[in-house]
Amino acid sequence: MNAPDSCVGFRRIFCIMGNGRIEIFDFMKGFCIAMVIADHCNLHFESVHIQNMLDAVRMPLYFFLSGVFFKEYTCYADFALRKTCKLIIPYLFFALIYGIVITVNMSLCGTFPNLHHFKAMFFLPSNSPLWFLRCLFIAYTMYYLLNSLVLKRIGILGQWLTISVFAFIAWEVIDYCNGFRYTTKIVSYLYMSDVFTAAVVLPIMFCAHKCRESLTNIFNYTLTKLIVVLAVSIVVLYFSTTGPLMFVKCKFDASFLSFYISIACGICAIFALCTIIFRLIEVCHPIRHFISEFGQYSLIALGMHWTIRYILLSVGWDNSWVMFAIIIAVMPFISKLLTKYFPYFTAQKDIVKYHKA
């Protein structure tokens, strides 16, 4: 079967769909957001070590893919406006939806939220998965500034050396400040606002940005080579993982080297695994399309699944498998509804665009 014109220069695994999206990346995001939802529904392995290994896969992959699609902008104002529309506005929108649901539920139970509850909706936030959008905005900003002021002005070897030094210094500063995270307000704020976490994941975004041209080589591997990559990545991941990696709390039970080695292996493993699955279910187009579309609207799944989970728990549906199945089943309908009626609040359209004077 011949590849369509949009796939010239690539194999069909890297095919660009009609809407300009690359399906394999959406497939990966769909696979990983399902893992995130499963984790939040308390679907865990009995082995604590395997759970710790999954920590090196779920969130790091999203930061990695964000680095893959990092673009150069005309200026910082253009960058800031676009990222505000794509990240901050959805952050506030999904926080508001969750806050409304909590308010209605508390009112039905005879209690009413106070100022503390409303503050928590947006700044903690109560919709806890939204920390990722806030952290990604900060990480993007850090990387944009570092790239514009330093990295673009030096050679590739200097760039890798600079990012290595940055990563090591950030790691040591965070490790030092960990002893003051609950006693010093400034340090506590840096942890709560995800500034430290953003600094830790910035090297992941850099690696993705610099290696994105080489990703097509991985996608074009034979199944045998992909299986070898998957097996080796899992083995190294198993032995490099020393403890839980809690990105939301910026608490990492790992050394500097084991942390980044485990993340690199986790990303390689998920790339190989998703590519294998993507090829094997190629004949089963509806399933592949469902997972890819789930990944295309992963931001909505991230922002809404905690709200659906809260509603299910409120009515007594606390079985982990039931919650997971319902969330996965209803999310496509919610995504279609929100993208149709609230495109400016779900990162489908920009409320404000930069116009150069």
Side-chain angles (χ1 to χ4, degrees), residues 9-10 14 20 22 25 59-88 132-177 186-187 189-191 193-219 247 250 252 255-268 271 347 350 352-357:
F10 303 95
F14 202 65
I22 301 174
F25 286 124
M59 302 319 299
L61 178 67
Y62 280 106
F63 288 111
F64 186 86
L65 292 177
S66 298
V68 169
F69 293 105
F70 180 84
K71 298 186 297 184
E72 302 290 343
Y73 294 90
T74 57
C75 63
Y76 180 75
D78 183 25
F79 163 82
L81 280 175
R82 288 178 182 270
K83 293 309 174 188
T84 297
C85 291
K86 299 298 184 185
L87 297 172
I88 300 303
F132 173 76
L133 299 182
R134 182 175 60 196
C135 182
L136 184 57
F137 179 84
I138 298 172
Y140 261 132
T141 302
M142 285 183 176
Y143 185 54
Y144 177 89
L145 294 174
L146 183 63
N147 186 57
S148 299
L149 299 176
V150 181
L151 300 180
K152 290 174 63 175
R153 304 173 186 272
I154 56 179
I156 188 64
L157 183 60
Q159 292 178 12
W160 282 99
L161 179 61
T162 299
I163 208 68
S164 299
V165 172
F166 174 91
F168 182 76
I169 292 176
W171 184 271
E172 291 299 316
V173 169
I174 293 170
D175 184 55
Y176 174 77
C177 290
I186 295 179
V187 173
Y189 177 78
L190 291 173
Y191 275 104
S193 59
D194 306 308
V195 172
F196 281 153
T197 303
V200 168
V201 301
L202 187 148
I204 301 173
M205 298 176 66
F206 167 83
C207 291
H209 187 210
K210 294 304 174 183
C211 299
R212 57 184 173 183
E213 298 298 332
S214 303
L215 295 179
T216 53
N217 296 329
I218 299 176
F219 296 138
F247 288 86
C250 197
F252 310 114
S255 66
F256 175 77
L257 287 178
S258 66
F259 175 79
Y260 285 108
I261 289 174
S262 62
I263 287 177
C265 291
I267 291 174
C268 287
F271 262 67
D350 293 342
V352 181
K353 294 185 178 181
Y354 174 75
H355 297 283
K356 188 174 180 180

* If you draw a 6.0 Å radius around CG in L157, do more than 12 non-hydrogen atoms from other residues or ligands fall strictly inside? -> no
* To do: Check the angle between the aromatic planes of F79 and Y140 and answer parallel, tilted or perpendicular using the 30° and 60° thresholds.
  => perpendicular
* Just say parallel, tilted or perpendicular for the rings of F259 and F247, cut-offs at 30° and 60°. => tilted
* Which residue pairs satisfy the salt bridge (charged side-chain N to carboxylate O under 4.0 Å, His left out) criterion with at least one member in residues 146-169, sequence neighbours excluded? -> E72-K152
* Identify the two heavy atoms, one from Q159 and one from L151, that lie closest to each other, and give their separation to 0.1 Å. => NE2-O, 2.8 Å
* Heavy-atom closest contact (Y73 atom, R82 atom, distance) -> CE2-CD, 2.9 Å
* Are there more than 12 heavy atoms of other residues, nucleotides or ligands under 6.0 Å from atom CD1 of I186? -> no
* Taking ring-ring contact (aromatic ring centres under 6.0 Å, His included) as the test, write out the residues that go with Y143, two or more places apart. => F70, H209
* Nearest-0.5 Å distance, CE of residue M205 to CE of residue M142 -> 11.0 Å
* Asked: Does some side-chain heavy atom of I174 sit less than 4.5 Å from a side-chain heavy atom of Y191?
  -> yes
* Check for a donor-acceptor pair, side chain of Y144 on one end and backbone N or O of Y76 on the other, with a separation under 3.5 Å. => yes
* For the residue pair I163 and L202, establish whether any side-chain heavy-atom pair is separated by less than 4.5 Å. => yes
* Spatial distance of atom CG (L61) from atom CZ (F25) [nearest 0.5 Å] -> 9.5 Å
* Which value, rounded to the nearest 0.5 Å, describes the distance between C135 atom SG and F137 atom CZ? -> 12.0 Å
* Asked: For S193 and Y189, which heavy atoms make the closest approach, and how far apart are they?
  -> OG-O, 2.7 Å
* What is the minimum heavy-atom distance between V201 and A139, and which atoms define it? -> CG2-CB, 4.0 Å
* Shortest non-hydrogen contact from F64 toward C207 -> CE1-C, 4.4 Å
* Asked: Passes ring-ring contact (aromatic ring centres under 6.0 Å, His included), F166 versus F206? Steps please.
  -> CA-CA 11 Å; F166 174 91; F206 167 83; over 10 Å; no
* To do: Mind checking the CE-CG spacing from M59 to L136? Nearest 0.5 Å is all I need.
  => 9.0 Å
* Asked: Quick one: OG on S66 to CG on L87, what's the gap to the nearest 0.5 Å?
  -> 8.0 Å
* **Intermediate values then yes/no, side-chain contact (heavy atoms from CB on, under 4.5 Å), L161 and I154** => CA-CA 10 Å; L161 179 61; I154 56 179; over 6 Å; no
* Asked: CZ/F252 to OG/S258 distance, rounded to the nearest 0.5 angstrom?
  -> 11.5 Å
* Asked: If you look at every heavy atom in C250 and F196, which pair is closest and at what distance?
  -> SG-CB, 3.7 Å
* If you draw a 6.0 Å radius around CZ in F168, do more than 12 non-hydrogen atoms from other residues or ligands fall strictly inside? -> no
* K86: partners by salt bridge (Lys or Arg N to Asp or Glu O under 4.0 Å), with sequence neighbours left out -> D350
